[in-house]
Amino acid sequence: MRHGLAKAAVRLAAIILPAHLRDWGRAMVVELAAIERPGSALAFALGCLGCAVRQALFSHLADPNPALEGNPIMHRRSSLLGQPRRLAAYCAIAAVGLGLVYMAAAGAPRSYLAINAAALAIGLLAVGILTEAGRHWRIGAGALGVALASLILLTGLFGLSADGATRWVPVGGIVLQPALFLVPVVALRFARVRDAAALFAVLIASLALALQPDRGMAGALALGMAALALARPGRLVLAALGAALAGFAVTLARADESRAMPFVDQIFYTSFGVHPLAGLALLTGAALILAPAIAGYLRDPDNRPIYAMFGAVWLGVILAAALGNYPTPLVGYSGSAILGYFLSLLGLPPAPAARSVDRNGIAMQSEPERQQPDLRDGLTAAG
Amino acid sequence: MIRSRTLSPPARTILALMADAGESWLHGYDLCRRGQVKSGTLYPLLIRLEEQGYLEAQWQAPAEAGRPPRHAYRLTVTGLALARANPALAPGAAAAGPLGKPA
């Protein structure tokens, strides 16, 4: 298992590294293969990941390479805007960070900050692991979507109940809200493949949310489907929209007795009472959640339906938090929402140059190993 | 140019290892093990050295069939000069400040 974690960590490092350091990322991946001891391999990989994060931050905050032609700062900015998953990851990290600032200023328990920070780390690692898994395991696209949606349904049937809603499951002493991290995935999967199996998954999710009831996530799903219907109408899309709207309507008809939880719900209103800067941090974090969708929609016309879905779903989650007693994503105390945002990154298109689509209908990130270096490059590059 | 007073003890150790290796190529994990330097410290250093012309990097054919090529490194002429100007510190001297005075 440690070797698997090490591989995932070093691949994530290779993905995170800026474009001009891609060779170093490939070097790290290959070097890991030469380390036999699992503990040493994991330590090596985690060190590489830390290096990659620092290099990525430096690369986008300053220009360490004045020898680059043209405007190196503009080159890096446009480069980041052209890499939707990476941009979304950075926005998520920044949003969670701003949320931690708010919670610290508001006097939240330290465990809340720790759990959000842990969810951030787990989310980043999950992206790496699932990207790696997608290369080696062939999972039926339909089966995966239906399975995920079924988990939401099972939560409604057998999960924890509070204030008239059954939305939670206990996992190792922590209470998770599966809909927060599964609904975006199911929605984005439908936006990518738009087939009968993905539609069935949306139907199950809509039913599950009506059953729980979860008005916030039902509204987010409906908003996402509406955005997709505007961007790419079709029979299956309209059917999915109908199902989502029906589920949302059921939740509207049912009483919502949820009470506001400190640092989770209603914090858009309470944050300015803590301090104007805390409120500003919260609003900035919420805007960052939507930034990748806006950037992708403007820059990548071929994939506008996907960005529309991504942005609309998370806008729906934000609106639910603003209008009702629902978790505020990324900036409030909610590890589930943080996990959900990172998982939904996998539904975004990769950088345009690296696009190929696997059997799951997920556009795959390019693999460092696929780009085996030409040995002649090394000989000609020798000083 | 990397100024001598900015070179950390791990950087000096790595430079010394590579200077001792002469024209031989070294791999990343080898440098980590022999220099007792973590990868999170080694790779930023190697990247900086290469960007500033003190290090050359090369993909080399694997020793075993079926393995991918490995990235290998050695110092350039200017890198050797940098290593000679910044020898590795003796054990215990790492706590000293940049001018040799206690921190």
Side-chain angles (χ1 to χ4, degrees), chain A residues 6 9-10 13-14 16-18 20-37 40-59 63-68 72 367-383, chain B residues 1-2 6 8 10-11 14 18 22-83:
Chain A
V10 81
I16 289 173
L17 277 169
H20 72 285
L21 296 177
R22 285 288 157 77
D23 235 22
W24 289 95
R26 298 200 326 251
M28 292 171 184
V29 172
V30 174
E31 201 65 16
L32 182 74
I35 305 172
E36 292 183 353
R37 291 180 55 204
S40 301
L42 185 58
F44 181 87
L46 292 176
C48 291
L49 185 57
C51 165
V53 170
R54 290 195 301 275
Q55 290 293 333
L57 286 172
F58 279 129
S59 176
D63 175 26
N65 243 338
L68 286 176
E367 278 187 279
E369 297 94 295
R370 287 184 186 166
Q371 300 169 21
Q372 287 294 330
D374 187 334
L375 291 180
R376 292 171 297 176
D377 291 343
L379 293 173
T380 55
Chain B
M1 176 175 174
I2 299 179
T6 67
S8 61
I14 296 300
M18 300 187 78
E23 293 190 350
S24 300
W25 297 89
L26 298 174
H27 299 118
Y29 186 57
D30 292 337
L31 288 167
C32 285
R33 270 190 317 108
R34 291 164 60 184
Q36 297 190 353
V37 170
K38 295 179 183 175
S39 56
T41 302
L42 175 74
Y43 278 100
L45 172 65
L46 294 179
I47 290 169
R48 207 156 46 113
L49 289 172
E50 195 214 15
E51 285 175 348
Q52 300 187 8
Y54 297 111
L55 179 94
E56 52 184 332
Q58 185 185 79
W59 288 100
Q60 292 190 331
E64 301 172 27
R67 292 274 196 174
R70 280 176 83 178
H71 218 210
Y73 318 104
R74 69 181 181 189
L75 293 177
T76 61
V77 171
T78 50
L80 282 169
L82 181 68

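Residue numbers begin at 1 in each chain, while the letters A, B, ... track the order of the sequences. Quick caveat, the model's predicted, so the values are computed rather than measured.
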- Task: Kindly indicate whether the side chain of H71(B), heavy atoms from C-beta on, has any atom under 4.5 Å from the side chain of V30(A).
- Result: no

- Per-residue contact mode, R33(B) against chain A (heavy atom under 4.5 angstrom): neither

- Task: Under 4.5 Å, counting heavy-atom pairs only, tell me which of G53(B), S39(B), G40(B) racks up the most with chain A.
- Result: S39(B)

- Flag the pair E51(B) / L21(A) as yes when at least one side-chain heavy-atom distance between them is below 4.5 Å, and no otherwise. yes

- Item | Atom group of A13(A) that falls short of 4.5 Å from chain B, counting heavy atoms | neither

- Query: Any side-chain heavy atom of L32(A) within less than 4.5 Å of one from Y29(B)?
  - Reply: no

- Item | Reported CD1-to-SG distance for the pair I47(B) and C51(A), which is rounded to 0.5 angstrom | 4.5 Å

- Query: Taking C-beta and beyond as the side chain, do Y43(B) and E31(A) meet within less than 4.5 Å on heavy atoms?
  - Reply: yes

- Item | Working for side chain to side chain contact (heavy atoms under 4.5 Å, CB included), residues E50(B) and W24(A) | CA-CA 11 Å; E50(B) 195 214 15; W24(A) 289 95; 3.3 Å; yes

- Message: Among L55(B), L46(B), V77(B), which residue has the highest count of heavy-atom pairs closer than 4.5 Å to chain A?
- Response: L46(B)

